[in-house]
Each structure stands twice: as C-alpha cells, then as structure tokens.
Amino acid sequence: MQSLCGTDCCSKCSHLAECGGCQNVNGHPFGGNCIAAECIRQEGSDGFLHFKERLISEINSLGIKGLAVNDLNLLNGFFVNLEYPLANGQTVKLLKDNNVYLGSQIEVSGKERCYGVVSDKNYILVCEYGCNGSDPEIILYKKRQTI
C-alpha cells in the first residue's frame with residue numbers, strides 16, 4: 001500500500017489495522033494530522049522535500065552541542081510523545097499521540113543518552129533521554145521560524 005507521501009510507511013506500520021492507512025483516512029491517521037500528508041496536499045511532493053530540507057537546516061542551526069541532523073523520518077506521536085518532568089513535580093506531554101511528525105534520534109557523544117528531535121510545521125522539540133526513552137529532559141521547545 002502506497003501512502004500519500006510516496007513512502008511505504010503504511011505497510012511497515014504495526015498499527016495499520018487501527019489507523020486504516022494514509023490513503024483511506026486522507027492523511028489523518030488515528031484521527032490526527034500527518035505532517036507529510038499536510039505538506040503534500042498544500043505544496044506537492046517537491047514542496048514536502050523542500051520543507052524537510054529547510055527544517056533540517058533550521059534544527060542544525062540551533063547550536064545544540066553534538067546535535068547534527070542528516071535526515072528526518074515520519075514518526076507516530078504515540079512512539080515519541082514522552083512525559084517530561086517539570087520542576088513542580090508534575091509531568092507534561094508536548095505532542096499529540098495521534099499525529100505523525102518528522103523527527104530523528106541522534107546518539108549523544110560520550111553519553112549513554114540520545115537526542116530526540118521532533119517537529120511539525122509549528123514547533124520544534126529537542127529532548128535528551130536514556131535507553132527506551134527513560135529519564136527524558138526537554139532541551140528546547142520553540143515555535144518554528146516562519147519561512
């Protein structure tokens with residue numbers, strides 16, 4: 001099954017039965033939004049690739065030591081929506097479980113931790129976490145530049 005973005009991500013998704021597939025739900029998996037489907041609907045496939053390139057450049061220009069993104073993948077929100085501890089003892093989730101984002105995981109040199117980068121058209125989230133998402137920390141959460 002080909003998805004709207006031209007990748008084969010739907011056939012590889014372990015939650016395809018729950019979602020119904022990108023084409024069947026018109027780019028709204030799990031009732032949410034898919035960044036790829038949204039971009040392609042508005043700007044075509046080339047527009048999506050251009051958006052992805054601009055986003056990679058924007059992330060790399062953040063100046064976070066050891067963070068260098070070469071590519072971004074489509075990620076289901078329920079896989080990357082970690083609960084972050086706040087100073088007041090509460091926790092917060094910053095993403096939507098039913099959305100599909102662009103993101104990547106980058107190993108932090110010299111540590112047994114990773115950077116997680118997740119973005120949509122409006123926000124960039126950079127976090128750091130241990131094995132299987134343990135002990136997550138927010139490094140940066142910001143509104144994206146308008147380009």
Side-chain angles (χ1 to χ4, degrees), residues 3-7 9-10 12-15 18-23 25-147:
S3 63
L4 293 176
C5 62
T7 68
C9 61
C10 287
K12 296 175 185 174
C13 180
S14 61
H15 296 275
E18 299 164 45
C19 167
C22 192
Q23 289 181 339
V25 296
N26 197 25
H28 294 282
F30 313 103
N33 295 311
C34 173
I35 186 65
E38 189 177 313
C39 284
I40 289 168
R41 195 175 300 119
Q42 293 173 0
E43 304 169 35
S45 295
D46 288 341
F48 173 62
L49 294 175
H50 185 66
F51 169 79
K52 200 169 145 179
E53 290 169 9
R54 288 189 323 251
L55 181 56
I56 289 169
S57 177
E58 188 177 337
I59 292 167
N60 287 332
S61 72
L62 293 172
I64 298 173
K65 184 180 177 182
L67 178 64
V69 175
N70 297 319
D71 195 14
L72 296 168
N73 304 296
L74 292 171
L75 302 170
N76 290 324
F78 49 81
F79 286 128
V80 295
N81 196 10
L82 303 176
E83 286 191 30
Y84 300 96
L86 300 177
N88 65 4
Q90 294 181 333
T91 59
V92 65
K93 285 186 167 191
L94 299 173
L95 305 174
K96 294 181 179 179
D97 286 345
N98 60 343
N99 282 357
V100 176
Y101 298 90
L102 279 170
S104 188
Q105 175 176 287
I106 297 95
E107 291 184 21
V108 178
S109 181
K111 293 184 178 181
E112 292 188 19
R113 292 179 65 78
C114 292
Y115 285 124
V117 178
V118 181
S119 186
D120 60 14
K121 281 194 169 188
N122 299 309
Y123 293 93
I124 295 174
L125 169 64
V126 179
C127 64
E128 186 180 306
Y129 50 83
C131 185
N132 295 318
S134 66
D135 303 316
E137 299 175 34
I138 300 168
I139 303 298
L140 175 131
Y141 183 63
K142 69 174 264 181
K143 188 161 181 62
R144 289 200 54 238
Q145 301 171 5
T146 53
I147 298 175

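Put simply, the side chain of Val118 does not reach to within 4.5 Å of the side chain of Leu102, judged on heavy atoms. With contacts defined as side-chain heavy-atom distances shorter than 4.5 Å, the pair Leu72/Ile59 qualifies. Taking the side chain as every heavy atom from C-beta outward, Asn99 and Ile35 never approach each other to under 4.5 Å.
By the 6.0 Å contact criterion, CG on Asn132 is open, its count of non-hydrogen atoms from other residues, nucleotides or ligands being 12 or less.
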Please evaluate residues Ile106 and Asn70 with respect to the criterion side-chain contact (heavy atoms from CB on, under 4.5 Å), reporting the C-alpha separation (whole Å), side-chain torsions for both, the decisive distance (0.1 Å), and the verdict. CA-CA 10 Å; Ile106 297 95; Asn70 297 319; over 6 Å; no

Taking distance alone, no hydrogens or angles, what donor-acceptor pairs closer than 3.5 Å link side-chain atoms of residues 75-84 to residues at least two apart or in another chain?
| from | atom 1 | to | atom 2 | distance (Å) |
| --- | --- | --- | --- | --- |
| Asn81 | OD1 | Leu95 | N | 3.1 |
| Asn81 | ND2 | Leu95 | O | 2.8 |
| Asn81 | ND2 | Asp97 | OD1 | 2.9 |
| Glu83 | OE1 | Thr91 | OG1 | 3.1 |

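Asn122 is linked by a side chain to side chain contact (heavy atoms under 4.5 Å, CB included) to Asp120, counting only residues two or more places apart in sequence or in another chain. The side-chain hydrogen bond (donor to acceptor under 3.5 Å, both in side chains) test applied to Lys111 returns Glu128, not counting sequence neighbours. Judged as a side-chain hydrogen bond (donor to acceptor under 3.5 Å, both in side chains), and not counting sequence neighbours, Tyr115 has no contacts. Remark: Glu112 engages no residue in a side-chain hydrogen bond (donor to acceptor under 3.5 Å, both in side chains) (not counting sequence neighbours). With sequence neighbours left out, Asp71 forms a side-chain hydrogen bond (donor to acceptor under 3.5 Å, both in side chains) with Lys52. Checked against side chain to side chain contact (heavy atoms under 4.5 Å, CB included), Glu107 has the following partners two or more places apart in sequence or in another chain: Cys114. With sequence neighbours excluded, the residues forming a side chain to side chain contact (heavy atoms under 4.5 Å, CB included) with Gln42 are Glu38, Lys121, listed by chain and number.
A donor-acceptor pair under 3.5 Å is formed between the side chain of Asn60 and the backbone N or O of Val69. Judged by distance alone, with hydrogens and angles left aside, the side-chain atoms of Arg113 form a donor-acceptor pair with the main-chain N or O of Asp135 at under 3.5 Å.
The distance from the CD1 atom of Ile139 to the SG atom of Cys127 is 7.5 Å, given to the nearest 0.5 Å. Here the CG atom belonging to Asn33 is positioned 8.5 Å from the OH atom belonging to Tyr101, to the nearest 0.5 angstrom. Taking CG of Leu62 as the start and OG of Ser57 as the end, the distance is 10.0 Å to the nearest 0.5 Å.
Annotation: cation-pi pair Lys143/Tyr123 present, NZ/CZ under 6.0 Å from the ring centroid and within 45° of its normal.
Heavy-atom minimum distance, Pro136 versus Pro85: O-CD, 3.4 Å.
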